[in-house]
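Here the structure is laid out as structure tokens; the discussion comes afterwards.
Atoms within each ligand, like the ligands themselves, are counted from 1 in listed order.
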Amino acid sequence: MNREIRSNFSRIYDRYAQERDKRGIAPWKIQERNRFLALLKDERKKTLLEIGAGTGRDGKFFNDSGLKVISTDVSSEMVRLCRKKGLAASVMDFYNPGFLGESFDAIWALNCLLHVPKKELPEVLKGLRAVLKPTGLFYMGVYGGSEFEGIWENDFYTPKRFFSFYPDERIKEVVAGFFEILYFKTITLEKGEPHFQSIILQKNGNRDSE
Ligand SMILES: C[S@@+](CC[C@H](N)C(=O)[O-])C[C@H]1O[C@@H](n2cnc3c(N)ncnc32)[C@H](O)[C@@H]1O
């Protein structure tokens with residue numbers, strides 16, 4: 001992603017951080033977190049990297065549930081809110097997860113990778129794969145269901161944000177280039193709006209571990 005788009009995101013989300021922090025959480029997001037947590041507990045996973053963490057709402061949930069969490073975001077205001085909740089948090093661009101110098105049992109990425117231009121998603125997925133342990137699990141939640149890339153004209157943020165949306169079969173093809181798909185489900189939200197794609201992935205121990 002070019003530097004300008006990225007610094008735009010940090011500025012936009014700095015501006016909306018306080019407002020986002022006051023919001024409640026939708027029931028379907030609670031179910032998403034619970035499902036992933038149950039899998040992590042079953043598989044005895046201990047460490048979790050959160051990317052595009054936002055206010056730390058979910059990082060706190062996983063932290064309070066006994067995982068060792070590092071929450072990261074490109075917006076310093078979001079990172080400040082994560083720290084305020086007692087989380088270990090760093091300003092980090094998800095294009096460069098190696099920055100932390102650690103590998104993790106799991107990654108949680110809710111509604112952040114939808115800000116990546118399509119030609120750059122493979123590079124980001126490859127970088128995330130590289131910081132996962134061999135059988136590491138990766139939750140990726142994004143909006144999609146149709147083909148779209150660009151500024152979302154219905155966005156209620158100012159300035160309007162950049163999004164990439166994929167049809168279900170296409171997003172599966174893209175992630176399957178880097179991970180094994182353990183789970184894929186769609187959740188219908190508002191009529192006429194993109195639906196949600198809930199994806200749980202695993203780093204496949206048989207592939208090159210670059
Ligand atoms: C729609 S919000 C979602 C936040 C949180 N995951 C949630 O579900 O509430 C997207 C988040 O991704 C972050 N973000 C956007 N581009 C990023 C990048 N290149 N690296 C890290 N974080 C990024 C934004 O700052 C923002 O906090």
> Should one rank Gly54, Gly52, Ser10 by closest heavy-atom distance to atom 6 (N) of ligand 1, which comes out on top?
Replying inline: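 Nearest heavy atom to atom 6 (N) of ligand 1 lies in Gly52.
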Going by distance only, is there an N or O of [X] that falls short of 3.5 Å from an N or O of ligand 1?
{"X": "Asp73", "result": "yes"}
{"X": "Phe94", "result": "yes"}
{"X": "His115", "result": "no"}
{"X": "Val74", "result": "yes"}
{"X": "Met78", "result": "no"}
{"X": "Asn111", "result": "no"}

Taking only heavy atoms of [X], which atoms of ligand 1 are found under 4.0 Å from at least one of them?
{"X": "Arg57", "value": "7 (C), 8 (O), 9 (O)"}
{"X": "Met92", "value": "20 (N), 21 (C)"}
{"X": "Ala53", "value": "5 (C), 6 (N)"}
{"X": "Cys112", "value": "12 (O)"}
{"X": "Leu110", "value": "3 (C), 5 (C), 6 (N), 8 (O)"}
{"X": "Ser75", "value": "25 (O)"}

>> So if I apply the side chain to side chain contact (heavy atoms under 4.5 Å, CB included) rule between Tyr13 and each of Cys112, Ser75, Ser76, which one comes out positive?
In response: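 Of the listed options, the one satisfying the test is Ser75.
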> In a check of side chain to side chain contact (heavy atoms under 4.5 Å, CB included) between Phe104 and each of Leu48, Ile70, Leu67, which one passes?
Replying inline: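 That would be Ile70.
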Ligand 1 contact by [X], heavy-atom criterion under 4.0 angstrom:
{"X": "Lys29", "value": "no"}
{"X": "Arg20", "value": "yes"}
{"X": "Ile51", "value": "no"}

> Counting only heavy atoms not in Arg23, do more than 12 fall under 6.0 Å of its CZ?
Replying inline: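 Result for CZ/Arg23: enclosed.
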> So with a 6.0 Å cut-off around CD of Glu190, is the heavy-atom count from everything else above 12?
Replying inline: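 No, not enclosed.
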> Will you find, in the side chains of Tyr166 and Glu173, an N or O donor that is under 3.5 Å from an N or O acceptor?
Replying inline: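 Checked: Tyr166/Glu173 side chains show no N/O donor-acceptor pair below 3.5 Å.
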> Does a donor on one side chain and an acceptor on the other come within less than 3.5 Å for Lys45 and Thr135?
Replying inline: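 Side-chain D/A pair, Lys45 to Thr135: present.
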>> Can you see whether Phe61 has Arg33 sitting over its ring - NZ or CZ less than 6.0 Å from the centre and within 45° of the normal?
In response: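 Yes - Arg33 lies over the ring of Phe61, closer than 6.0 Å to its centre and within 45° of its axis.
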> Taking the six-membered ring for Trp, are Phe196 and Tyr143 parallel (under 30°), tilted (30 to 60°) or perpendicular (over 60°)?
Replying inline: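 Rings of Phe196 and Tyr143: perpendicular, over 60°.
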> For the residue pair Phe163 and Trp152, does the interplanar ring angle fall in the parallel (under 30°), tilted (30 to 60°) or perpendicular (over 60°) class?
Replying inline: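 Taking Trp152 first and then Phe163, their aromatic rings stand perpendicular (interplane angle over 60°).
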> At what distance, to the nearest 0.5 angstrom, does OG of Ser71 lie from CD1 of Ile51?
Replying inline: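 So the OG of Ser71 and the CD1 of Ile51 are separated by 11.5 Å.
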